[in-house]
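For reference, the structure is listed below as structure tokens.
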Amino acid sequence: MLTGGTGYLGSYVAKELLGKGYHLRLSLRDPNKIHKYKHLSEIAQNSPGTLEPFEADLLKEGSFDQAAKGSDAIIHMASPFSLKFKDPVKELIEPAVKGTRNVLEAAKRSGTVKKVVLTSSVAAVHGDNIDMKEQGLAEFTEAHFNTSSSARHQPYSYSKVMAEKEAWKMEREQDQWKLVVINPSFVMGPPLSPHTRSESIQFLKDLIGGKLFLGVPHLEFGFVDVRDVAKAHLLALEREDSKGRYILAERVMSIWELRQMIAKLYPGKFRFKLPLMESPKFMIYLIGWAFGLTYPFIKRNVGYSISLNNQRSLKELGLTYTPMEKTIKEMVEALV
Ligand code: NAP
């Protein structure tokens, strides 16, 4: 059973599972929105696997029960990933935490589920970039949990750390299923569906489309290819020895470094309105509000370096990473 399979990451996970011949139960919030899963029905028609959609909402208690019953494993990805919201508790935190609880309750009641792979995020590993310096760390590893986010400050990150903690708590309370957690950094790569609404897509559209033309802050993120994220989920699902958390990041770079990568990939082309410069922090304090950046966010993130340790994903999960140059090239071309 896969939740969130209609999304950006989820579509690739569904594709991998169908390609490997699995019988896949796919959760849909609204089955009438056929455009959301048309691409998956088409993939299923040309794959050895089979697709069985079912209706479920993260906030509806018991709505995953029927699909979980008889399933061997669950990949739980569904969670709101949005940086634009009015009420963070209702729009982000409740669906993430209650949704995780509902899905894991369904796993427990199923009597058949043996493994749950949860899509968390590096946002559950750390909150602000300054956390690394404040905690005296040389890098973030799977041993770290985000302690600086809250419902008011970085609520998306807070939704991810609270949901992941809930999942670990529920795992400890039973012994029927085992939990493995994937913590991807910022996911990039071509979307499988033109209807994808993930912030990953919006971010790159803004970067090449001129929204950030006047300048970008010095902000660093980890980056990873969407297809590698899907492969990591499959490895976590299929490997008997998978356990704990796996940070996924091909590299850490700043938005400006990403901008330079795109400029180098398309030399001499002026079709993209790439940012003109990396703006000094005082400028970001002045204009950041226009882009939804709060004063505390700018203060605690702009100008601070981070380092993410991806060794568990390489050595224990056996993942190999796609170079970000390839990922970005294919994503830019898909968006164009
Ligand atoms: P996405 O394209 O927006 O997909 C989100 C998925 O969650 C969609 O399938 C959506 O269903 C489903 N969903 C949201 N709210 C729901 C609800 N109330 N009930 C049922 N389903 C609901 O986002 P994404 O980028 O693929 O992210 C997928 C997962 O990866 C999320 O858990 C996110 O936190 C995590 N993640 C993403 C990134 C990234 O950079 N993209 C990085 C780290 C972790 P609908 O199709 O019905 O909207």
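Ligands are counted one by one from 1 in listed order, and the atoms in each one are counted from 1 as well. Remember, predicted model here, so these are calculated numbers, not experimental data. Only this structure's heavy atoms are used, side chains among them; waters, hydrogens and symmetry mates stay out.
When F186, F221, Y156 are ranked by how near their heavy atoms come to atom 37 (C) of ligand 1, first place goes to Y156. Checking S185, S121, G10 against atom 42 (C) of ligand 1, the nearest heavy atom belongs to S185.
In terms of polar-atom proximity, A78 is not counted as a contact of ligand 1, lacking any N or O under 3.5 Å from an N or O of the ligand. Where the criterion is an N or O separation shorter than 3.5 Å, residue side chain and backbone included, P95 fails it with respect to ligand 1. Considering both main-chain and side-chain atoms, R197 never comes within under 3.5 Å of ligand 1 through any nitrogen or oxygen pair. On a distance-only criterion, A56 and ligand 1 share no N/O pair closer than 3.5 Å. Polar contact with ligand 1: absent for T196 (N/O pair, distance under 3.5 Å).
The cationic group of R25 does not satisfy the cation-pi geometry with F54, failing either the under 6.0 Å distance to the six-membered ring centre or the 45° limit from the ring axis.
Close contacts between ligand 1 and T119 involve ligand atoms 30 (O), 32 (O), 35 (C) [criterion: under 4.0 Å to a heavy atom]. Under a 4.0 Å criterion applied to the non-hydrogen atoms of S200, ligand 1 contributes the atoms 39 (C), 40 (O), 41 (N). Residue-ligand proximity, L9 to ligand 1, at heavy-atom distances under 4.0 Å covers atoms 24 (P), 25 (O), 26 (O), 30 (O), 41 (N). Atom numbering of ligand 1 starts at 1 in the shown order; those under 4.0 Å from a heavy atom of V187 are 38 (C), 39 (C), 40 (O), 41 (N), 42 (C). Using a 4.0 Å cut-off to heavy atoms of M77, the atoms of ligand 1 that qualify are 28 (C), 29 (C), 31 (C), 32 (O).
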Next item on the list: Please step through side-chain hydrogen bond (donor to acceptor under 3.5 Å, both in side chains) for the pair D131 and H144, ending with a clear verdict.
Entry: CA-CA 11 Å; D131 291 359; H144 302 113; over 6 Å; no

Checklist line | Audit row: K20, E238, salt bridge (charged side-chain N to carboxylate O under 4.0 Å, His left out) steps and yes/no | finding: CA-CA 11 Å; K20 287 192 130 190; E238 292 180 335; 2.7 Å; yes

Note to self: For S11 and H39: C-alpha separation, side-chain torsions, deciding distance, then whether side-chain hydrogen bond (donor to acceptor under 3.5 Å, both in side chains) applies.
What the structure shows: CA-CA 8 Å; S11 293; H39 60 296; 2.8 Å; yes

Checklist line | Residue pair N183, E164: steps toward the side-chain hydrogen bond (donor to acceptor under 3.5 Å, both in side chains) verdict | finding: CA-CA 10 Å; N183 301 87; E164 192 190 321; 3.0 Å; yes

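Residue contacts with ligand 1, taken as heavy atom pairs separated by less than 4.0 Å, do not involve E199 at all. Only the side chain of K36 comes within 4.0 Å of ligand 1, counting heavy atoms alone; its backbone N, CA, C and O stay farther away. If you look at S120 next to ligand 1, the close heavy atoms, those under 4.0 Å, all belong to the backbone. With a 4.0 Å heavy-atom cut-off, ligand 1 is reached by the backbone of S79 and by its side chain too.
In terms of protein heavy-atom proximity, atom 4 (O) of ligand 1 is nearest to G7 CA, 3.4 Å. Considering only non-hydrogen protein atoms, atom 46 (O) of ligand 1 sits nearest to T6 OG1, 2.5 Å. Scanning the protein for heavy atoms near atom 13 (N) of ligand 1, the closest one is R29 NH2, 3.8 Å. Remark: minimum distance from atom 6 (C) of ligand 1 to any protein heavy atom is reached at G4 CA, 3.9 Å. Looking only at protein heavy atoms, the nearest one to atom 19 (N) of ligand 1 is L58 N, 3.0 Å. Atom 3 (O) of ligand 1 has its closest protein heavy atom at S198 CA, 4.0 Å. From the protein, the heavy atom lying nearest to atom 43 (C) of ligand 1 is P184 O, 3.3 Å. Scanning all protein heavy atoms for the shortest distance to atom 2 (O) of ligand 1 gives Y8 N, 2.9 Å.
For L59, the closest heavy-atom approach to ligand 1 does not fall below 4.0 Å.
When atom types are taken as modelled, the side chain of E91 and the backbone of D87 share a donor-acceptor pair closer than 3.5 angstrom.
Counting heavy atoms from C-beta outward, W168 and F145 have side chains that approach closer than 4.5 Å. In this structure, the side chains of L204 and I262 come closer than 4.5 Å at one or more pairs of heavy atoms.
In summary, K326 and E250 do not engage in a salt bridge, as defined by a charged side-chain N under 4.0 Å from a carboxylate O. Remark: E94 does not engage K90 in a salt bridge, criterion side-chain N to carboxylate O under 4.0 Å. Salt bridge status for E173 with K169: present, with a side-chain N to carboxylate O gap under 4.0 Å.
For the salt bridge (Lys or Arg N to Asp or Glu O under 4.0 Å) with E166, the qualifying choice from R172, K160, R101, K98 is R101, the only one to do so.
F203 and F221 have perpendicular rings, their planes meeting at more than 60° on a 0 to 90° scale where under 30° would count as parallel. A tilted orientation is assigned to the rings of Y156 and F81, their planes being inclined by 30° to 60°.
Between the side chains of N146 and S149, a donor-acceptor pair is found at a separation under 3.5 Å.
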